[in-house]
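Structure, as C-alpha coordinates:
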Amino acid sequence: MLRRAMVDRVTRVESRPLPRAFYERDVVPVARQLLGKLLVRQTPEGVTSGRIVEVEAYLARDDPANHAFCGRTRRNAVMFGPPGHAYVYAIHSRWCLNAVTEPEGVPSAVLIRAVEPLEGMALMRGRRSARSRRRPAEAPGECDLARGPARLCEAFAIDRTLNGWDLTQGKVLWIAETTIASGRGDAARRDPAAPGILTAPRVGVTSAHDLSLRFFLANSAFVSRPGPR
DNA sequence: CTACCGATTGACT
DNA sequence: GTCAATCGGTAGA
(Lines give C-alpha, C1' and ligand atoms only; values in the text may rest on other atoms or scores of the structure.)
Protein backbone atom coordinates (compact mmCIF):
# COMPACT_ATOMS: atom_id res chain seq x y z
CA MET A 1 0.00 0.00 0.00
CA LEU A 2 2.74 2.37 0.97
CA ARG A 3 4.72 1.26 -2.03
CA ARG A 4 1.76 2.00 -4.26
CA ALA A 5 1.51 5.51 -2.90
CA MET A 6 5.17 6.14 -3.54
CA VAL A 7 4.91 4.92 -7.11
CA ASP A 8 1.96 7.18 -7.65
CA ARG A 9 3.77 10.11 -6.20
CA VAL A 10 6.57 9.77 -8.65
CA THR A 11 4.24 10.04 -11.60
CA ARG A 12 1.00 11.97 -11.38
CA VAL A 13 -0.82 11.36 -8.17
CA GLU A 14 -4.14 12.92 -8.63
CA SER A 15 -5.74 13.56 -11.99
CA ARG A 16 -9.37 13.22 -11.00
CA PRO A 17 -11.24 16.23 -12.37
CA LEU A 18 -12.78 18.78 -10.04
CA PRO A 19 -16.56 18.28 -9.86
CA ARG A 20 -19.01 20.78 -11.27
CA ALA A 21 -19.98 21.82 -7.74
CA PHE A 22 -16.49 23.24 -7.31
CA TYR A 23 -17.16 25.77 -10.05
CA GLU A 24 -20.77 26.48 -9.14
CA ARG A 25 -19.88 29.05 -6.46
CA ASP A 26 -18.84 32.69 -6.22
CA VAL A 27 -16.08 33.33 -8.70
CA VAL A 28 -13.58 34.80 -6.23
CA PRO A 29 -13.27 31.78 -3.91
CA VAL A 30 -13.21 29.53 -6.97
CA ALA A 31 -10.36 31.58 -8.39
CA ARG A 32 -8.36 31.46 -5.16
CA GLN A 33 -8.91 27.75 -4.75
CA LEU A 34 -7.85 27.01 -8.31
CA LEU A 35 -4.34 28.05 -7.26
CA GLY A 36 -2.34 24.90 -6.75
CA LYS A 37 -4.68 22.73 -8.81
CA LEU A 38 -3.43 20.73 -11.77
CA LEU A 39 -4.25 21.70 -15.35
CA VAL A 40 -4.06 18.62 -17.58
CA ARG A 41 -4.09 18.42 -21.37
CA GLN A 42 -4.24 15.09 -23.15
CA THR A 43 -3.53 14.91 -26.88
CA PRO A 44 -2.40 12.11 -29.19
CA GLU A 45 1.11 13.48 -28.76
CA GLY A 46 1.02 12.98 -25.02
CA VAL A 47 0.13 14.58 -21.72
CA THR A 48 1.08 18.04 -20.56
CA SER A 49 0.21 19.23 -17.09
CA GLY A 50 1.07 22.04 -14.73
CA ARG A 51 0.20 23.57 -11.41
CA ILE A 52 -1.95 26.68 -11.61
CA VAL A 53 -0.04 29.54 -9.98
CA GLU A 54 -1.85 32.65 -11.22
CA VAL A 55 -5.51 33.44 -12.00
CA GLU A 56 -7.89 36.35 -12.41
CA ALA A 57 -11.59 36.57 -11.55
CA TYR A 58 -14.11 38.23 -13.84
CA LEU A 59 -17.32 39.14 -12.05
CA ALA A 60 -20.82 38.72 -13.42
CA ARG A 61 -21.94 42.09 -12.08
CA ASP A 62 -20.43 45.57 -12.10
CA ASP A 63 -17.25 44.46 -13.82
CA PRO A 64 -16.66 46.42 -17.05
CA ALA A 65 -13.64 44.24 -17.83
CA ASN A 66 -15.84 41.16 -18.14
CA HIS A 67 -16.51 40.25 -21.77
CA ALA A 68 -20.12 39.67 -20.78
CA PHE A 69 -20.53 43.15 -19.25
CA CYS A 70 -22.60 44.35 -22.21
CA GLY A 71 -24.66 41.19 -22.45
CA ARG A 72 -24.55 37.93 -24.29
CA THR A 73 -22.87 37.62 -27.67
CA ARG A 74 -21.82 34.67 -29.76
CA ARG A 75 -18.30 35.07 -28.45
CA ASN A 76 -19.10 35.04 -24.72
CA ALA A 77 -22.05 32.62 -24.86
CA VAL A 78 -20.13 29.90 -23.01
CA MET A 79 -19.89 32.14 -19.95
CA PHE A 80 -23.68 32.09 -19.72
CA GLY A 81 -23.74 28.31 -19.82
CA PRO A 82 -23.18 25.79 -17.03
CA PRO A 83 -20.12 26.10 -14.77
CA GLY A 84 -17.07 23.93 -15.22
CA HIS A 85 -16.72 24.56 -18.94
CA ALA A 86 -13.81 26.21 -20.74
CA TYR A 87 -14.26 29.67 -22.16
CA VAL A 88 -11.51 30.19 -24.75
CA TYR A 89 -11.26 33.54 -26.48
CA ALA A 90 -8.81 35.23 -28.82
CA ILE A 91 -6.84 38.36 -28.04
CA HIS A 92 -4.17 39.82 -30.32
CA SER A 93 -4.09 36.63 -32.35
CA ARG A 94 -3.58 34.46 -29.29
CA TRP A 95 -5.79 32.28 -27.13
CA CYS A 96 -6.65 32.54 -23.46
CA LEU A 97 -8.31 29.93 -21.21
CA ASN A 98 -11.01 30.56 -18.61
CA ALA A 99 -13.04 28.27 -16.38
CA VAL A 100 -16.72 29.25 -16.23
CA THR A 101 -18.06 29.63 -12.69
CA GLU A 102 -21.30 30.22 -10.76
CA PRO A 103 -24.70 28.81 -11.68
CA GLU A 104 -25.82 28.69 -15.31
CA GLY A 105 -26.90 32.10 -16.55
CA VAL A 106 -24.42 33.98 -14.32
CA PRO A 107 -21.60 34.99 -16.68
CA SER A 108 -18.46 34.81 -14.57
CA ALA A 109 -15.15 33.08 -15.18
CA VAL A 110 -11.60 32.58 -13.95
CA LEU A 111 -8.78 33.39 -16.36
CA ILE A 112 -5.88 30.96 -15.99
CA ARG A 113 -2.85 33.24 -16.30
CA ALA A 114 0.09 30.95 -15.54
CA VAL A 115 0.97 27.37 -14.62
CA GLU A 116 4.12 25.73 -13.38
CA PRO A 117 4.94 22.99 -15.90
CA LEU A 118 5.12 19.51 -14.40
CA GLU A 119 4.66 16.99 -17.20
CA GLY A 120 5.34 17.17 -20.92
CA MET A 121 7.88 19.96 -20.83
CA ALA A 122 9.46 18.81 -24.09
CA LEU A 123 6.06 18.88 -25.75
CA MET A 124 5.43 22.36 -24.40
CA ARG A 125 8.79 23.57 -25.58
CA GLY A 126 8.17 22.22 -29.06
CA ARG A 127 4.78 23.86 -29.31
CA ARG A 128 6.06 27.18 -28.03
CA SER A 129 9.02 27.25 -30.39
CA ALA A 130 7.08 26.09 -33.41
CA ARG A 131 4.20 28.46 -33.00
CA SER A 132 5.94 31.62 -31.91
CA ARG A 133 5.33 34.15 -34.65
CA ARG A 134 8.47 36.05 -33.86
CA ARG A 135 11.01 33.38 -33.56
CA PRO A 136 12.64 33.59 -30.14
CA ALA A 137 16.38 34.07 -30.05
CA GLU A 138 16.57 30.76 -28.22
CA ALA A 139 14.17 28.13 -27.07
CA PRO A 140 11.92 29.33 -24.25
CA GLY A 141 13.26 28.58 -20.83
CA GLU A 142 11.33 26.38 -18.47
CA CYS A 143 9.94 29.38 -16.63
CA ASP A 144 8.56 30.87 -19.83
CA LEU A 145 6.80 27.78 -21.14
CA ALA A 146 3.43 28.60 -19.59
CA ARG A 147 3.90 32.00 -17.94
CA GLY A 148 1.12 34.20 -19.26
CA PRO A 149 -2.36 33.25 -20.45
CA ALA A 150 -1.54 33.03 -24.16
CA ARG A 151 1.78 31.26 -23.70
CA LEU A 152 0.01 28.73 -21.52
CA CYS A 153 -2.49 28.02 -24.27
CA GLU A 154 0.30 27.65 -26.79
CA ALA A 155 2.19 25.19 -24.56
CA PHE A 156 -0.98 23.20 -23.85
CA ALA A 157 -2.32 23.27 -27.43
CA ILE A 158 -5.48 25.10 -26.38
CA ASP A 159 -7.38 27.00 -29.05
CA ARG A 160 -10.95 27.84 -30.01
CA THR A 161 -11.77 24.20 -30.70
CA LEU A 162 -11.81 23.76 -26.91
CA ASN A 163 -14.18 26.65 -26.32
CA GLY A 164 -17.10 25.20 -24.36
CA TRP A 165 -15.25 22.02 -23.42
CA ASP A 166 -16.53 20.37 -20.22
CA LEU A 167 -13.60 20.49 -17.79
CA THR A 168 -15.19 17.94 -15.45
CA GLN A 169 -14.97 14.99 -17.83
CA GLY A 170 -11.36 14.10 -17.10
CA LYS A 171 -10.33 13.80 -20.71
CA VAL A 172 -8.75 16.05 -23.34
CA LEU A 173 -8.63 19.06 -21.00
CA TRP A 174 -9.45 19.18 -17.30
CA ILE A 175 -8.45 20.57 -13.93
CA ALA A 176 -7.60 18.11 -11.18
CA GLU A 177 -7.25 18.14 -7.42
CA THR A 178 -4.02 19.36 -5.93
CA THR A 179 -1.07 17.33 -7.06
CA ILE A 180 1.78 16.07 -4.97
CA ALA A 181 3.71 15.23 -8.05
CA SER A 182 7.29 15.65 -9.09
CA GLY A 183 10.44 17.09 -7.72
CA ARG A 184 9.73 20.75 -7.57
CA GLY A 185 10.40 20.82 -3.87
CA ASP A 186 8.37 22.75 -1.36
CA ALA A 187 6.78 24.94 -4.00
CA ALA A 188 4.92 21.92 -5.34
CA ARG A 189 3.57 21.10 -1.91
CA ARG A 190 2.22 24.46 -0.95
CA ASP A 191 -1.29 24.34 0.43
CA PRO A 192 -3.29 26.80 -1.65
CA ALA A 193 -5.56 27.51 1.27
CA ALA A 194 -2.61 28.52 3.44
CA PRO A 195 -1.04 31.97 3.44
CA GLY A 196 0.99 32.55 0.32
CA ILE A 197 -1.68 33.86 -1.99
CA LEU A 198 -1.10 37.45 -3.08
CA THR A 199 -3.73 39.76 -4.51
CA ALA A 200 -3.28 42.50 -7.10
CA PRO A 201 -5.14 44.41 -9.81
CA ARG A 202 -5.75 42.45 -12.99
CA VAL A 203 -3.26 42.71 -15.81
CA GLY A 204 -4.03 44.51 -19.04
CA VAL A 205 -7.54 45.61 -18.21
CA THR A 206 -8.23 49.21 -19.08
CA SER A 207 -11.15 49.60 -16.69
CA ALA A 208 -12.06 48.63 -13.13
CA HIS A 209 -8.59 49.31 -11.80
CA ASP A 210 -10.07 49.59 -8.33
CA LEU A 211 -10.78 45.85 -8.31
CA SER A 212 -7.99 43.59 -7.08
CA LEU A 213 -9.00 40.34 -8.67
CA ARG A 214 -5.68 38.81 -9.67
CA PHE A 215 -4.49 36.05 -7.35
CA PHE A 216 -1.13 34.31 -7.48
CA LEU A 217 1.19 32.23 -5.38
CA ALA A 218 3.88 34.24 -3.65
CA ASN A 219 7.43 33.21 -4.40
CA SER A 220 6.45 31.27 -7.50
CA ALA A 221 8.95 31.74 -10.31
CA PHE A 222 6.22 30.82 -12.80
CA VAL A 223 3.93 33.81 -12.29
CA SER A 224 3.61 36.22 -15.22
CA ARG A 225 4.02 39.32 -13.07
CA PRO A 226 5.21 38.75 -9.52
CA GLY A 227 4.50 42.29 -8.37
CA PRO A 228 1.31 44.27 -7.89
CA ARG A 229 1.44 45.54 -11.47
C1' DC B 1 -18.02 43.29 -47.02
C1' DT B 2 -14.92 47.02 -44.04
C1' DA B 3 -13.40 49.30 -39.69
C1' DC B 4 -12.20 49.15 -35.17
C1' DC B 5 -10.74 47.12 -30.74
C1' DG B 6 -8.04 44.37 -27.54
C1' DA B 7 -8.36 39.89 -20.33
C1' DT B 8 -0.95 39.74 -25.06
C1' DT B 9 3.56 39.07 -26.07
C1' DG B 10 8.22 39.98 -27.56
C1' DA B 11 11.42 43.49 -28.61
C1' DC B 12 13.35 47.58 -27.54
C1' DT B 13 14.90 52.43 -24.77
C1' DG C 1 9.62 51.24 -18.29
C1' DT C 2 7.48 51.82 -23.69
C1' DC C 3 5.65 50.18 -28.19
C1' DA C 4 3.40 47.82 -31.90
C1' DA C 5 2.66 43.49 -34.53
C1' DT C 6 -1.21 40.94 -35.84
C1' DC C 7 -5.87 38.73 -36.39
C1' DG C 8 -10.43 36.95 -34.36
C1' DG C 9 -14.60 38.95 -32.64
C1' DT C 10 -17.83 42.36 -33.17
C1' DA C 11 -20.64 46.07 -35.07
C1' DG C 12 -22.18 48.34 -38.82
C1' DA C 13 -22.80 49.53 -43.98
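The basis for the numbers below is simple: all heavy atoms, side chains too, and nothing from hydrogens, waters or symmetry mates.
A salt bridge is defined here as a Lys NZ or Arg NE, NH1 or NH2 lying under 4.0 Å from an Asp or Glu carboxylate O, and A:E54 with A:R147 fails to meet this definition. The residues A:E177 and A:R16 are annotated as not salt-bridged, no charged nitrogen and carboxylate oxygen being separated by less than 4.0 angstrom. With salt bridges taken as basic N to acidic carboxylate O contacts below 4.0 Å, one links A:R128 and A:E154.
Between the side chains of A:H67 and A:Y87, at least one donor N or O lies within less than 3.5 Å of an accepting N or O. Side-chain contact annotation: A:S108 with A:T101, donor-acceptor N/O pair under 3.5 Å present. No donor-acceptor contact under 3.5 angstrom links the side chains of A:R214 and A:S224, judged on distance only. A:T48 and A:R41 form no side-chain donor-acceptor contact under 3.5 Å, judged by distance and modelled atom types alone.
Atom CG in A:D63 sits roughly 11 Å away from atom P in B:dA7 (whole-Å rounding). One atom, CZ of A:R225, and another, C1' of C:dT2, lie 13 Å apart when rounded to the nearest Å. The nearest whole Å value for the distance from the OH atom in A:Y87 to the P atom in C:dG9 is 10 Å. Distance CD (A:E154) to C1' (B:dT8): 11 Å, rounded to an integer number of Å. Counting to the nearest Å, the C1' atom of B:dA7 and the CG atom of A:L213 are 12 Å from each other. The CG-P distance, from A:D159 to C:dC7, rounds to 15 Å in whole Å. To the nearest angstrom, C1' of B:dA7 lies 10 Å from CE of A:M79. Look at CD on A:E56: it is 14 Å from C1' on B:dG6, rounded to the nearest Å.
Near DNA chain B, defined here as any heavy-atom distance below 4.0 Å, the residues from residues 102-113 of chain A are A:L111, A:R113, listed numerically.
In this structure, the side chain of A:N98 does not engage the main chain of A:V100 through any donor-acceptor pair within 3.5 Å. In this structure, A:D63 contributes its side chain and A:Y58 its backbone to no donor-acceptor pair below 3.5 Å.
Closest heavy-atom contact between A:F22 and A:V30: O-CG2, 3.3 Å.
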How does DNA chain C read in dot-bracket, base by base from 5' to 3', with Watson-Crick or G-U pairs under 3.5 Å and | used when the partner is on another strand?
-> |||||.||||||.
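Closest to the side chain of A:R128, out of B:dA7, C:dT6, B:dG10, is B:dG10. Taking every side-chain heavy atom of A:I91 into account, B:dT8 is the closest of B:dT9, C:dA11, B:dT8. Of all nucleotides listed (C:dC7, B:dT9, B:dA7), B:dT9 comes nearest to the side chain of A:R151.
As judged by a 4.0 angstrom heavy-atom cut-off over every strand, A:N76 is placed among residues touching the sugar-phosphate backbone only. Contacts of A:A150 with the nucleic acid, taken as non-hydrogen atoms under 4.0 Å apart, involve only primed sugar atoms and P, OP1 or OP2.
By the 5.5 Å and 30° criteria, A:Y89 is not stacked with the base of C:dG9.
Contact check, A:R94 against C:dA5: no side-chain N or O comes under 4.0 Å of OP1 or OP2.
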